[in-house]
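Structure, as structure tokens:
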Amino acid sequence: MEHPLLGHLVVDHAHGDRRGILRALAPDVKGNNLSPVLRVPETPPVAWLAPEAGGLEWTTDPSAIEAVK
């Protein structure tokens with residue numbers, strides 16, 4: 001499923017405004033709606049980010065990211 005920021009540079013406000021490329025969201029989301037489509041009890045949605053220059057990916061809350069301006 002597509003998301004408008006997938007593959008784009010974003011800022012992660014939950015991790016000190018760290019910048020990375022949004023690689024994936026789970027569970028999948030539709031459009032700008034970052035609330036879960038399917039939710040396993042006690043499992044929050046997750047965004048996977050990769051550093052701009054490569055390296056170890058990290059996860060964050062999807063509501064903590066926005067496009068780099």
Query raised in the report: Any chain of hydrophobic side-chain contacts (each under 4.5 Å) joining Ile65 to Leu9?
Result: no
Query raised in the report: Is there any salt bridge (charged side-chain N to carboxylate O under 4.0 Å, His left out) pair reaching into residues 6-17, and which pairs are they, with sequence neighbours excluded?
Result: none
Requested in this report: With sequence neighbours excluded, give me every side-chain hydrogen bond (donor to acceptor under 3.5 Å, both in side chains) pair touching residues 45-57.
Outcome: Arg19-Glu52
Query raised in the report: When rounded to the nearest 0.5 angstrom, what is the spacing between OG1 in Thr59 and NE2 in His15?
Result: 6.5 Å
**Report entry** Ala14 versus Ala64, closest heavy-atom pair with distance
**Finding:** CB-CB, 3.6 Å
Query raised in the report: Out of curiosity, does Trp58 fall in the hydrophobic cluster containing Leu6 (side-chain heavy atoms, cut-off under 4.5 Å, transitive links)?
Result: yes
Report task. State the CG-CG distance between Leu56 and Leu49, to the nearest 0.5 angstrom. Result -> 11.5 Å
Report task. Name all residues meeting the side-chain hydrogen bond (donor to acceptor under 3.5 Å, both in side chains) criterion together with His8; count only those two or more places apart in sequence or in a different chain, and write none if there are none. Result -> none
Query raised in the report: In chain order, what residues pass the side chain to side chain contact (heavy atoms under 4.5 Å, CB included) check against Leu5, with sequence neighbours excluded?
Result: His3, Val10, Leu22, Ala67
